[in-house]
Asker: 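Input: one structure, supplied below.
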Amino acid sequence: MSGFAVNQIADPTLYGDPQRLQQFYDWLRREHPVAWADPEGFRPFWVVSRHADIRELERQPEIFNAGPRMTLLPIPVEQANVAIFGVESGVFPLTAMDGAHHQAMRALTQDFFLPKNIRKLESAIAKHATAFVARMAQDEGSCDLATDIAFWYPLRVAMAILGIDEQDEARMLRLTHELFGASDPAVRRPGLSEAEHIVAVKQDYIAFFDAITRDRQANPREDVATLIATGMPGGAEMSAEERLGYYVIVATAGHDTTAASIVGGMQALLDNPEQMALLKAHPELMKTFVNEAIRWTAPVKHFMRNVTQDYTLHGQTLRAGDHVLLSFGAATRDPEAFGDADCFRIDRALNNHLAFGHGPHTCLGQYLAKLEIEAFFTAFFAQIATIAPAGPPIYTEGSFVSGIRSMPVRYSRLPQPVACA
């Protein structure tokens with residue numbers, strides 16, 4: 001007996017224990033690649049965990065729709081989450097759309113996030129990375145790499161792209177963590193149920209971004225917030241729900257997952273010192289290291305898909321009206337897709353990890369995220385000589401987007417050159 005049951009995939013505490021989580025994923029891929037889950041308090045769903053199977057389903061969005069059920073939530077929270085996602089909710093993001101309308105909505109900002117345009121931001125991002133690593137000098141050789149540095153750096157980049165003032169960053173960081181960490185008692189607002197918490201977070205998002213929309217419609221700027229506030233997808237005006245959903249997905253996915261990959265990548269280097277030494281000796285491996293850090297961390301653990309017609313996979317019939325959880329977290333460690341899948345290798349050349357999704361919903365910001373992570377570690381190794389754990393990392397207990405939320409470290413800086421008089 002493995003001690004595992006498929007229904008554990010809905011248990012938030014599973015995601016707070018990385019060793020247990022990877023053992024569960026291994027058991028799931030090996031024993032139950034297409035599994036039926038019916039955990040108490042949730043609507044039932046299928047779980048698909050193998051890399052090839054997720055690619056197969058994601059290539060057929062006409063059969064496996066992104067909406068209306070987008071993520072795994074308890075029934076009371078789903079009812080309030082008509083609170084967070086869905087036209088009736090007041091927040092309708094790109095990740096819950098399909099077909100031509102989805103493509104028209106993506107087109108509003110797609111050019112901005114193309115590699116040729118992201119490269120124009122390289123110098124500014126490098127400056128941000130250098131500045132945030134330099135903050136470590138003020139902490140006398142120790143800090144929490146997650147809460148003091150990594151959460152703030154990609155947030156600054158995301159807010160600059162949106163054109164949001166730096167003074168609003170703390171508010172946006174808090175809302176993002178509250179959105180993705182609603183199931184974690186350490187993150188949830190005191191005295192509120194999970195459903196009540198989500199409703200409160202949604203109301204705060206509405207208040208914040210409604211003000212941004214009014215400002216950009218009256219005073220357009222050269223920023224992504226203006227593209228969203230004034231966008232006309234397919235020649236039609238966006239609804240308030242669609243516009244708010246767009247802001248939320250850019251503002252939250254634009255930094256939280258990147259921060260998780262930075263902290264998770266650093267933890268992987270600390271756990272594998274020979275890989276740390278290899279990266280220092282061979283900085284030309286930085287790009288493959290970044291991709292491996294994203295695979296290893298897999299901040300987005302899943303998305304749900306909604307079945308529109310009967311479909312057979314590994315002898316199991318997924319019926320029209322069923323729901324399927326695509327376990328990206330499991331797929332990124334699939335031994336059928338990756339040699340030495342459970343080994344962290346910074347020189348892994350072939351690395352189609354699916355951490356950014358696959359098919360029409362592939363992450364718009366993947367090139368920006370990679371550039372930010374590369375810039376951070378380049379700046380880090382240019383300023384920091386040594387780094388070591390100063391306590392155990394703490395992981396968010398969340399089944400959707402999660403990673404290390406606290407990572408105490410101690411470190412020493414490289415000697416800085418002395419300017420000549």
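Basis for what follows: all heavy atoms, side chains included, without hydrogens, waters or symmetry-related copies.
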Asker: Between F151 and E169, is there a side-chain heavy-atom distance shorter than 4.5 Å?
Answerer: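 They are not in side-chain contact.
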Asker: Please lay out, stage by stage, how R20 and L14 fare under the test side-chain contact (heavy atoms from CB on, under 4.5 Å).
Answerer: CA-CA 7 Å; R20 178 180 161 220; L14 177 67; 3.6 Å; yes
Asker: So, do Y247 and F208 have ring centers that fall under 6.0 Å from each other?
Answerer: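 They do not qualify: ring centres at least 6.0 Å apart.
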Asker: Give me the atom names and distance for the closest heavy-atom approach of I384 to T386.
Answerer: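 Smallest heavy-atom distance, with atoms named: CG2-O, 3.4 Å.
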Asker: Measure centre to centre between the rings of Y395 and Y15, then say whether the value is under 6.0 Å.
Answerer: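 No, the ring of Y395 stays outside the 6.0 Å limit from the ring of Y15, centre to centre.
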Asker: Ignoring hydrogens and angles, tell me if any N or O in the side chain of D165 forms a donor-acceptor pair with the backbone of Q167 under 3.5 Å.
Answerer: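 No, D165 side chain to Q167 backbone: no donor-acceptor pair under 3.5 Å.
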Asker: Kindly give the heavy-atom pair with the smallest separation between L72 and F42, and that separation in Å.
Answerer: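 Looks like CD1-CD2, 3.6 Å.
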Asker: So do Q103 and M97 actually touch side chain to side chain, heavy atoms under 4.5 Å?
Answerer: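 Answer no - side chains too far apart.
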Asker: Indicate the atoms forming the closest heavy-atom contact of G265 with A293, along with that distance.
Answerer: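 Here G265 and A293 meet closest at CA-CB, 3.8 Å.
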Asker: Hey, does the side chain of N306 reach the backbone of N65 with a donor-acceptor pair shorter than 3.5 angstrom?
Answerer: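 Yes.
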Asker: Which heavy atom of K120 sits nearest a heavy atom of K116, and at what distance?
Answerer: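 Minimum heavy-atom separation between K120 and K116: CG-O, 3.8 Å.
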Asker: Is K370 paired with E374 through a side-chain N to carboxylate O contact shorter than 4.0 Å?
Answerer: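 Salt bridge: no.
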Asker: Sequence neighbours left out, what passes ring pair (Phe, Tyr, Trp, His ring centres under 6.0 Å) with Y25? Give chain and number order.
Answerer: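 Ring pair (Phe, Tyr, Trp, His ring centres under 6.0 Å) check on Y25 returns nothing, list empty.
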Asker: May I ask you to test the T288-N351 pair for a side-chain heavy-atom distance under 4.5 Å?
Answerer: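 No, their side chains stay 4.5 Å or more apart.
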Asker: Just wondering, do F45 and I9 contact through their side chains at under 4.5 Å, heavy atoms?
Answerer: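 With C-beta onward as the side chain, the pair touches.
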Asker: Can you give me the closest heavy-atom contact between S261 and I294, atom names plus distance?
Answerer: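 Looks like OG-CG1, 3.9 Å.
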Asker: Flag the pair H353 / F338 as yes when their ring centroid distance falls below 6.0 Å, and as no otherwise.
Answerer: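 They do not qualify: ring centres at least 6.0 Å apart.
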Asker: Could you check Q60, E58, H323 and say which one makes a side chain to side chain donor-acceptor pair (under 3.5 Å) with R305?
Answerer: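 Testing R305 for a side chain to side chain donor-acceptor pair (under 3.5 Å) against Q60, E58, H323 leaves exactly one candidate, E58.
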Asker: Do side-chain atoms of R410 reach the backbone of P389 as a donor and acceptor pair under 3.5 angstrom?
Answerer: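 Here the side-chain-to-backbone pair exists.
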Asker: Does a salt bridge link R50 with E336, judged by any charged N lying under 4.0 Å from a carboxylate O?
Answerer: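 A salt bridge is absent here (no side-chain N lies under 4.0 Å from a carboxylate O).
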Asker: Start with the C-alpha gap between L270 and M276, add the side-chain angles, then the distance that decides, and say whether side-chain contact (heavy atoms from CB on, under 4.5 Å) holds.
Answerer: CA-CA 7 Å; L270 292 174; M276 175 90 80; 4.0 Å; yes
Asker: Verify whether the ring centers belonging to H32 and W27 lie closer than 6.0 Å.
Answerer: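 Here the rings of W27 and H32 have centres that are less than 6.0 Å from each other.
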Asker: Side chains of F303 and H361: closer than 4.5 Å at any heavy-atom pair?
Answerer: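 F303 vs H361: side chains apart.
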Asker: I want to check a possible cation-pi pair here: R135 against F132, using under 6.0 Å from ring centre and within 45° of the ring axis as the test.
Answerer: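 Yes, R135 lies over the aromatic ring of F132.
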Asker: Centres of the F400 and H302 rings: under 6.0 Å?
Answerer: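 Here the rings of H302 and F400 have centres that are less than 6.0 Å from each other.
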Asker: Could you tell me if the side chain of Y205 sits less than 4.5 Å from the side chain of L179, heavy atoms only?
Answerer: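 Of all side-chain heavy-atom pairs linking Y205 with L179, at least one is under 4.5 Å.
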Asker: Test your reading of the model: is there a side-chain donor-acceptor pair from R29 to the backbone of A330, 3.5 Å cut-off?
Answerer: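 At least one qualifying donor-acceptor pair exists.
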Asker: Short question: side chain of T362, backbone of G359 - any donor-acceptor pair under 3.5 Å?
Answerer: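 It does hold such a pair.
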Asker: Looking only at non-hydrogen atoms, find the nearest pair between T109 and V224 and report the distance.
Answerer: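 That closest heavy-atom pairing would be CG2-CG1, 4.1 Å.
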Asker: Do the side chain of N117 and the main chain of L114 share a donor and acceptor less than 3.5 angstrom apart?
Answerer: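 Absent.
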Asker: Please indicate whether E222 has more than 12 foreign heavy atoms, meaning atoms of other residues, nucleotides or ligands, lying under 6.0 Å from its CD.
Answerer: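 Not buried by this count: 12 neighbours or fewer within 6.0 Å.
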Asker: Just by distance, with hydrogens left out, do H101 and E242 show a side-chain donor and acceptor under 3.5 Å apart?
Answerer: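 Yes.
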Asker: Indicate yes or no for a side-chain donor-acceptor contact from Q203 to the backbone of V199 under 3.5 Å, with no hydrogens or angles considered.
Answerer: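 Looks like no, no N/O pair under 3.5 Å.
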Asker: Counting only N and O atoms by type, is there a donor-acceptor contact under 3.5 Å from the side chain of T226 to the main-chain atoms of R221?
Answerer: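 Between the backbone of R221 and the side chain of T226 there is a qualifying donor-acceptor contact (under 3.5 Å).
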Asker: Give a yes or no on whether the backbone of T252 and the side-chain of D256 come within a donor-acceptor separation of less than 3.5 Å.
Answerer: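 Answer holds: no.
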Asker: Could E122 and R119 be called an ion pair, given the rule that one side-chain N must be under 4.0 Å from one carboxylate O?
Answerer: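 No.
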Asker: Do the side chains of R189 and E196 get close enough for a salt bridge, i.e. N-O under 4.0 angstrom?
Answerer: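 Salt bridge absent between R189 and E196.
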Asker: Where the side chain of H358 meets the backbone of I54, is there a donor-acceptor pair that is under 3.5 Å apart?
Answerer: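 Checked: no pair found.
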Asker: For the residue pair F381 and F377, does the interplanar ring angle fall in the parallel (under 30°), tilted (30 to 60°) or perpendicular (over 60°) class?
Answerer: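 Because their plane-to-plane angle lies in the 30° to 60° range, the rings of F381 and F377 count as tilted.
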Asker: Between D223 and R216, does any NZ, NE, NH1 or NH2 come within less than 4.0 Å of an OD or OE carboxylate oxygen?
Answerer: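 Result for this pair is yes, salt bridge flagged.
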Asker: State, with a plain yes or no, whether a side-chain heavy atom of I228 is found less than 4.5 Å away from one of I212.
Answerer: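 I228 does not reach I212 side chain to side chain.
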